[in-house]
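Data first, discussion second: the structure below is written as structure tokens.
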Amino acid sequence: MELLHSAALLCILWIAAAQNVRNVALQGRATQSTIYNGISTAINSIDGNLNSNFHHGSCSCTSQEASPWWRVDLLRPHRISHIIITNRGDCCGERLNGAKILVGNSLENNGNNNPSCADVTSIPNGGTKTFQCTNMVGQYVSIILPKKNTYLQLCEVQVFGIPESNDPPCF
């Protein structure tokens, strides 16, 4: 009887945790394919600052290149519910059009072979958009502009999820 009570308590705690998704990118490690002018580093996009003015130092930006990418390592696999992206506000918001959001556990091809969560069709200058990932599981979240020769600029990337458990107690 005591074992049944303990299992039920674990199940309740696991369900409560699953409903308490948080921005797990804040504790992650970000990197990107290149750094524009040596100042727009990948970590700027997971600093918790939603300011969309590029010149205020809270945005990341790659150099102009073919298929630029940005990635956050969440340090362990997470069950991702949704990702929120804030686009650059002072200009050039259209540069993000056509980006792919990828979630997975592989670093093959810099994580750019992971499964797709969503495509960014457009986010207006300074706009913020939410992308549902339907509980995809992954340690890495990547954003890539495939087959484009351009800059990849992101002012904030928020990744909402919970750590993945290999042994959920309720299932």
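Quantities reported herein were computed from a predicted structural model and do not represent experimental measurements.
Annotation: salt bridge (charged side-chain N to carboxylate O under 4.0 Å, His left out) contacts of R71 (sequence neighbours excluded): none. Shown here are the side chain to side chain contact (heavy atoms under 4.5 Å, CB included) partners of T150, two or more places apart in sequence or in another chain: P68, R95, L145, K148. With sequence neighbours excluded, the residues that form a salt bridge (charged side-chain N to carboxylate O under 4.0 Å, His left out) with D119 are K100.
The distance from atom OG of S33 to atom CG of N110, rounded to the nearest 0.5 Å, is 8.0 Å. To the nearest 0.5 Å, atoms CD1 (I46) and CD (E156) are separated by 8.0 Å. Distance CD/Q153 to SG/C91: 6.5 Å, rounded to 0.5 Å. Distance check: N37 CG to S63 OG gives 8.0 Å after rounding to the nearest 0.5 Å.
The side chain to side chain donor-acceptor pair (under 3.5 Å) test with T86 is passed by exactly one of N51, N49, T128: T128.
Between N44 and C59 the shortest side-chain heavy-atom distance does not fall below 4.5 Å. By the 4.5 Å heavy-atom criterion applied to side chains, C61 and F54 are counted as neighbours. Within the 4.5 Å cutoff, the side chain of D90 has no heavy atoms near those of the N125 side chain. Residues L152 and I143 are in side-chain contact: their nearest non-hydrogen atoms beyond the backbone lie under 4.5 Å apart. Contact of the F160 side chain with the I84 side chain is registered, since non-hydrogen atoms from C-beta on lie closer than 4.5 Å. In this structure, the side chains of K129 and T121 come closer than 4.5 Å at one or more pairs of heavy atoms.
For the residue pair N114 / S142, no side-chain donor-acceptor distance below 3.5 Å is found, with atom types taken as modelled. At a cut-off of 3.5 Å, with distance as the only test, no side-chain donor of Q158 or R22 sits close to an acceptor on the other residue.
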*asked:* The test is side chain to side chain contact (heavy atoms under 4.5 Å, CB included); show your working for E164 and H78 and say whether it passes.
replied: CA-CA 5 Å; E164 174 69 353; H78 284 73; 5.8 Å; no
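Atom CD1 of I43 has 12 or fewer heavy atoms from other residues, nucleotides or ligands within 6.0 Å.
A perpendicular orientation is assigned to the rings of Y151 and Y36, their planes being inclined by more than 60° (bins at 30° and 60°).
Scanning both residues, P163 and R76, for their nearest heavy atoms gives CB-NH2, 2.6 Å. When every heavy atom of I83 is checked against every heavy atom of C133, the shortest pair comes out as CD1-SG, 3.7 Å. Scanning both residues, Q32 and S60, for their nearest heavy atoms gives OE1-CB, 3.4 Å.
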